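Because the structure is a prediction, the values reported are computed rather than measured. Residue numbers run from 1 in the order of the sequence given. Both counts, for ligands and for their atoms, begin at 1 and track the order of listing.
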Amino acid sequence: SPSSHGVPEVGNPPAFPMTRRCPFSPPEEYRALREQGPLVRVRLPSGQHSWVVTRYAEAKQVLTDPRISTDPTQPGFPTTNPESCEAGQRPEGQFIDMDPPEHTAYRRMLISEFSVRRINQLRPAIQRVVDQRVDAMLAEGGPLDLVEWFGLPVPSIVICELLGVPYADHEYFESRTRTFARLTTDPAEANAAVRELRGYLAELVARVEREPNDGLVSRLFTERVATGELTREALAGMAFLLLLAGHETTANMIPLSVLSLLENPAALAEIRADPGLLPGAVEELLRFHSAVDWVAFDRMAVEDVEIGGQLVRAGEGIYVLGASANRDERAFDRPDEFDIHRGARNHLAFGNGVHQCLGQNLARAELEIALRTLFERMPTLRLARPVAELPLKSDSAIFGLAELPVTW
Ligand code: HEM
């Protein structure tokens, strides 16, 4: 049984989470933390202490070690927002917060839906969505905000089509996702947004029960709920996770990627001349930006475990700093350089171990098709505002640009 609940509060460690101030870099403090050691103590907003993992090898160890759990209902589990209605909770079906074997059962229901083969079959549909958004931008004329016109709608439409969620509701679910992903939102407002979204997805499940469609949620209803394998609540929880993870992550990565390529014209010219370089460039973009950082990587030791020479006791909380691990000089040469030739596929932007991103093949396909099409069809695309003046989503759980004004 756990010998302690939470990391003992010793000294006055740095406040966590830390803030990004530049679109191309993790929080500045990460470099010093990484030098300090692979495992460093931090202070959460509640005053509770936690460990953070700063280096690549230890990050991978933590993400793959069965003695380290992701179940937030356990005493001592770390939270950056104790007032959230989700703190210490795990709604039914939220398998990102489950350990094996419970997690495995959910993952099995979904794995073939997100396989390389299945995602390749979706490529024409993704291409159609991307082309429609480029048509809309060309019709509108520049300057316009690429986040609003392209970055957000592409993954949002794609995940709606895949799940069978009506895209007509996009403003509803996108605005509530933004509200609760913002770390500075008033807790009451954030909690209301989460409850509304959960209610929306419960209603969606009720709707597919009445009127089946050809989306994934409806299919899971027919194949798993109707057979008694899954409850309605668990299906709504799965749909919540898939809808949020499916749009908010890629929506930030597309504009960040466009910005990086515009700022690296030599790399962009190479990709244009040889589109075969694009998949490698996408891996580097994922590593370099690490838009999903610690927020997905909350963990707790359930047995005593040694990490980077430090004993972590059962009941102690750990956050993996994915954005720091992806800039670890022990794992990547010249880690702060953007280099499309480095072969970055071993990055941790999608995590590692049993929770490694279920949607990674979809995210890669969306990024490849979006970037290739955008630069092909808008060859003179350029920034309409200097980089230093771009508004950042520094206060969001998933990093991104609040706006990317472009013209052509
Ligand atoms: C898990 C990142 C796109 C669905 C994760 C994790 C990361 C991540 C880091 C691991 C969390 C952990 O270890 O606990 C990203 C990034 C994306 C992206 C950077 C875009 C560039 C997507 C998309 C979907 C998706 C498009 C589509 C549905 C999921 C799901 C999980 C997950 C369901 C939980 C997997 C599990 O617990 O077994 N993602 N993701 N993600 N992602 Fe993604």
Side-chain angles (χ1 to χ4, degrees), residues 53 59-60 62-65 68-72 77-78 90 93-111 113-115 118-119 122 126 129 151-152 154-165 177 181 215-217 220 237-257 282-300 318-323 325-326 344 347-371 397-400:
V53 178
K60 218 164 159 170
V62 166
L63 294 175
T64 52
D65 192 320
I68 295 175
S69 164
T70 187
D71 173 2
F77 199 88
R90 188 184 59 196
Q94 192 149 296
F95 60 92
I96 195 168
D97 290 335
M98 294 174 191
D99 295 321
E102 206 179 359
H103 169 262
T104 322
Y106 280 94
R107 190 89 186 192
R108 275 208 194 110
M109 291 183 209
L110 293 169
I111 199 75
E113 303 286 343
F114 293 91
S115 66
R118 186 65 68 85
I119 298 305
L122 277 183
I126 300 172
V129 171
L152 183 55
V154 166
S156 202
I157 296 169
V158 169
I159 197 70
C160 278
E161 289 187 357
L162 194 152
L163 295 177
V165 171
T177 302
L216 176 56
V217 176
L220 286 169
M238 290 165 84
F240 175 91
L241 175 58
L242 293 170
L243 181 62
L244 264 60
H247 85 274
E248 182 63 14
T249 48
T250 316
N252 288 305
M253 269 311 295
I254 291 173
L256 286 170
S257 300
V282 164
E283 299 308 320
E284 176 65 348
L285 288 161
L286 288 160
R287 178 197 75 86
F288 189 77
H289 289 292
S290 298
V292 179
D293 187 8
W294 56 270
V295 68
F297 298 134
D298 49 343
R299 297 290 194 270
M300 192 189 90
I318 309 167
Y319 286 98
V320 174
L321 303 184
N326 278 337
H347 64 70
L348 298 178
F350 289 128
N352 207 266
V354 296
H355 292 281
Q356 192 178 52
C357 181
L358 176 74
Q360 59 186 282
N361 300 316
L362 176 59
R364 287 186 174 108
E366 289 182 332
L367 281 164
E368 283 174 33
I369 295 168
L371 295 172
I398 297 173
F399 183 69

Exercise. Please identify each residue that fulfils salt bridge (Lys or Arg N to Asp or Glu O under 4.0 Å) with E284, with sequence neighbours left out.
Key: R287, R342
Part of [X] with heavy atoms under 4.0 Å of ligand 1, whether side chain, backbone, both or neither:
X    : answer
F297 : side chain
H355 : both
T70  : neither

Heavy atom of [X], distance to ligand 1 below 4.0 Å:
X    : answer
T250 : yes
L162 : no
L286 : yes

Practice problem: Spell out the protein N/O/S atoms under 2.8 Å from atom 43 (Fe) of ligand 1 as residue plus atom name. | Solution: C357 SG
Practice problem: Please step through salt bridge (Lys or Arg N to Asp or Glu O under 4.0 Å) for the pair R107 and E102, ending with a clear verdict. | Solution: CA-CA 9 Å; R107 190 89 186 192; E102 206 179 359; over 6 Å; no
Check each atom of ligand 1 against the heavy atoms of [X] and keep those under 4.0 Å away; list them by number with element.
X    : value
V354 : 38 (O)
L242 : 28 (C), 33 (C)
M253 : 21 (C)

Quiz item: Does any N/O atom on H103 come nearer than 3.5 Å to any N/O atom on ligand 1?
Solution: yes
Quiz item: Short question: side chain of H289, backbone of L285 - any donor-acceptor pair under 3.5 Å?
Solution: no
Exercise. Kindly say whether A245 contributes a backbone atom to a donor-acceptor pair with the side chain of T249 at under 3.5 angstrom?
Key: yes
Quiz item: Who passes side chain to side chain donor-acceptor pair (under 3.5 Å) against N352, sequence neighbours left out?
Solution: none
Just distance, no hydrogens or angles: give the donor-acceptor pairs under 3.5 Å from side chains in residues 363-370, sequence neighbours left out.
unit_1: R364; atom_1: NE; unit_2: E283; atom_2: OE2; d: 2.6
unit_1: R364; atom_1: NH1; unit_2: Q360; atom_2: OE1; d: 3.0
unit_1: R364; atom_1: NH2; unit_2: E283; atom_2: OE1; d: 3.4

Practice problem: Measure the acute angle between the ring planes of F95 and H103, then classify it against the limits of 30° and 60° as parallel, tilted or perpendicular. | Solution: tilted
Exercise. Measure the shortest side-chain to side-chain distance between W294 and V320 over non-hydrogen atoms and say whether it is less than 4.5 angstrom.
Key: no
Practice problem: Begin with the C-alpha distance, continue with both residues' side-chain angles, and end with the deciding distance and a verdict on side chain to side chain contact (heavy atoms under 4.5 Å, CB included) for I318 and M300. | Solution: CA-CA 6 Å; I318 309 167; M300 192 189 90; over 6 Å; no
Practice problem: Could you give me the CA-CA distance, side-chain angles and deciding distance for L256 and F399, then say whether side chain to side chain contact (heavy atoms under 4.5 Å, CB included) is met? | Solution: CA-CA 9 Å; L256 286 170; F399 183 69; 4.1 Å; yes
Report the nearest protein non-hydrogen atom to [atom]: residue, atom name, distance rounded to 0.1 Å.
atom                    : result
atom 13 (O) of ligand 1 : R299 NH2, 2.7 Å
atom 35 (C) of ligand 1 : R107 NH1, 3.3 Å
atom 2 (C) of ligand 1  : A349 O, 3.5 Å

Quiz prompt | Test log, rule side chain to side chain contact (heavy atoms under 4.5 Å, CB included), inputs L122 and I119 | solution = CA-CA 5 Å; L122 277 183; I119 298 305; 4.0 Å; yes
Quiz item: Between L110 and L358, does a side chain to side chain contact (heavy atoms under 4.5 Å, CB included) hold up when you go through it step by step?
Solution: CA-CA 8 Å; L110 293 169; L358 176 74; 3.8 Å; yes
